[in-house]
Amino acid sequence: MPLPSQPLRKLGFLTIGLFDEADPRKGHESTLEIIQLGERLGFDSAWLRHRHLQYGISSPVAVLAAASQRTSRIELGTAVIPLGWENPLRLTEDLATVDILSGGRLNPGISVGPPMHYDQVKQALYPDTADAEDFGYDRVARLLDFVRGKPATDFSGVEGFEATRRQPHIEYSSDRVQPHAPGLGRRLWYGGGSLRSAQWAGEHAMNFLTSSVVKAEESEDFAEVQLSHVRAFRAHHPDGDRARVSQGLVVIPTDSASPEQRAKYEAYAEKRLPRTATPQGPARLMFAPDLVGTSAEIAERLYAHAAFREIDEVAFALPFTFEHDDYVQILTDIATRLGPALGWQASAQHG
């Protein structure tokens, strides 16, 4: 097996948090239990996907608020919140609140672009401003400014005076979003799949999430495309080669899986394999193959991956449609077998 250029420093995982419409609490509780398991196994981070009008977590920030009270060490991220559904000022308030509750462990990942199926949802989402909304990078810039403490208004000071018989009450107003969470601005991530996004994220001193879907711009080789994004991001970031990049791929180790689980995992990956052969659709999207096999086999494939060789953080994605017990097996194998095979060491504080 080839040796990595550097050991894996941070190991995370990503889940969508599926649930049954008839019993949504069970699915949400399962997600919280998976995050707690991740902390016990020594994972550095747990990330939630974001789904609207589907049977997956629609409010990851709320779920991570709950997770912050059930964990003490693991970092909590979103991958990613599509800003087209959000008001940047209100989202800043929620993110800062959860970051404070978590003790500074929140890692918000965001992206831009119109909401999916916008023509079908715009009247519900923006009934009066649908055609005027800007879904470009300016929306991210607003969020960055608010999170980093720039003024949101030109007024601050005493808002009003309300005297009561027992205690005078004075209301103060701040010109920046409250609560303000120091350090959160350095933990904002951009989820990008294009060279332009990679460059923009670097220029604005964000961290960069590169996932299992990228745009085929200069190549039709997934690893080469992803590598070009990593390098473009760092070339435009103030921190250069030290700028943080996290790679997300679907990884399914089978070391402790039952024969039935292995068969299910292999069938899942085989069904999704054809879409990885060529760019898909008008956007020419490239999908990474799912990595299924023993930890030793997966480690060898990762070491041969051009983009993986240039990063030291990952957030491996859990498959969408598996059962709770499957996720327990996969996460356990990642933490106890695959991670160490990649040079990763579990947090000394876990357990």
Side-chain angles (χ1 to χ4, degrees), residues 12-39 41 43-71 74-88 90-99 101-102 105-118 120-121 124-125 143 184 187-191 193 209 211-213 246 248-252 268 314-328 330-331 334:
F13 66 91
L14 167 65
T15 183
I16 194 173
L18 291 179
F19 58 85
D20 184 339
E21 182 183 19
D23 186 13
R25 179 175 180 176
K26 182 178 179 181
H28 284 74
E29 283 290 337
S30 172
T31 297
L32 290 170
E33 290 170 9
I34 287 295
I35 294 173
Q36 290 175 282
L37 172 65
E39 176 158 280
L41 289 169
F43 278 88
D44 297 292
S45 61
W47 302 75
L48 297 184
R49 289 188 184 272
H50 203 299
R51 288 293 183 269
H52 288 296
L53 303 176
Q54 299 179 39
Y55 305 120
I57 290 174
S58 61
S59 184
V61 180
V63 174
L64 292 179
S68 75
Q69 304 306 294
R70 300 192 187 190
T71 57
I74 195 168
E75 295 184 2
L76 304 168
T78 62
V80 288
I81 297 173
L83 281 188
W85 293 78
E86 306 287 344
N87 178 295
R90 274 291 300 120
L91 181 59
T92 298
E93 293 176 332
D94 289 347
L95 295 176
T97 299
V98 176
D99 190 52
L101 290 173
S102 72
R105 290 185 284 139
L106 192 64
N107 283 257
I110 53 88
S111 67
V112 296
M116 290 183 64
H117 310 299
Y118 188 52
Q120 286 73 45
V121 302
L125 189 59
L143 181 80
L184 182 59
R187 283 179 270 112
L188 286 168
W189 296 75
Y190 189 89
L209 292 165
S211 74
S212 56
V213 184
S246 179
L249 300 172
V250 177
V251 171
I252 312 174
Y268 174 88
V314 295
F316 290 140
L318 295 175
F320 291 168
T321 56
F322 290 179
E323 301 298 323
H324 184 87
D325 289 347
D326 299 328
Y327 296 142
V328 170
I330 292 169
L331 286 181
I334 290 176

| Does the side chain to side chain contact (heavy atoms under 4.5 Å, CB included) test come out yes or no for Leu64 and Ser102, once each step is laid out? | CA-CA 9 Å; Leu64 292 179; Ser102 72; over 6 Å; no

Closest non-hydrogen atom pair, [X] against [Y]:
X: Ile330; Y: Val251; answer: CG2-O, 3.9 Å
X: Val121; Y: Pro115; answer: CG2-CB, 4.4 Å
X: Leu143; Y: Pro88; answer: CD1-O, 3.5 Å
X: Glu86; Y: Pro82; answer: CG-O, 3.8 Å
X: Pro319; Y: Val250; answer: CG-CG1, 4.3 Å
X: Leu101; Y: Gln69; answer: O-NE2, 3.3 Å

| Test log, rule side chain to side chain contact (heavy atoms under 4.5 Å, CB included), inputs Trp47 and Asn107 | CA-CA 8 Å; Trp47 302 75; Asn107 283 257; 3.8 Å; yes

| request: Tell me, with the steps shown, if Asp44 and Glu75 meet side chain to side chain contact (heavy atoms under 4.5 Å, CB included). | output: CA-CA 6 Å; Asp44 297 292; Glu75 295 184 2; 6.0 Å; no

Going from [atom1] on [X] to [atom2] on [Y], what distance comes out if it is rounded to the nearest 0.5 angstrom?
X: Trp85; Y: Leu53; atom1: CH2; atom2: CG; answer: 4.5 Å
X: Arg70; Y: Leu32; atom1: CZ; atom2: CG; answer: 4.5 Å
X: Asp23; Y: His28; atom1: CG; atom2: NE2; answer: 11.0 Å
X: Ile74; Y: Ser45; atom1: CD1; atom2: OG; answer: 6.5 Å
X: Leu318; Y: Tyr327; atom1: CG; atom2: OH; answer: 6.0 Å
X: Ser111; Y: Ile81; atom1: OG; atom2: CD1; answer: 9.0 Å

| field | Candidate pair Trp189 and Val80, rule side chain to side chain contact (heavy atoms under 4.5 Å, CB included), full reasoning | value | CA-CA 9 Å; Trp189 296 75; Val80 288; over 6 Å; no

| said: More than 12 heavy atoms of other residues, nucleotides or ligands under 6.0 Å from CD of Glu323: yes or no? | reply: no

| request: Verify the neighbour count for atom CD of Gln120: are there more than 12 heavy atoms of other residues, nucleotides or ligands below 6.0 Å? | output: yes

Below 4.5 Å, heavy atoms only, C-beta onward: do [X] and [Y] meet side chain to side chain?
X: Val314; Y: Leu249; answer: no
X: Phe43; Y: Leu331; answer: yes
X: Pro108; Y: Val98; answer: no
X: Leu48; Y: Leu14; answer: no

Between the side chain of [X] and the main-chain N/O of [Y], is any donor-acceptor distance below 3.5 Å?
X: Arg105; Y: Thr71; result: yes
X: Ser30; Y: Lys26; result: no
X: Asp94; Y: Leu91; result: no
X: Thr31; Y: Gly27; result: yes
X: Thr78; Y: Gly109; result: yes

| query | Under 6.0 Å from the six-membered ring centre of Phe320 and within 45° of its axis: does the NZ or CZ of Arg49 meet both? | reply | no

| message | Measuring centre to centre across the rings, with the benzene-like ring taken for any Trp, is Phe322 within less than 6.0 Å of Tyr268? | response | yes

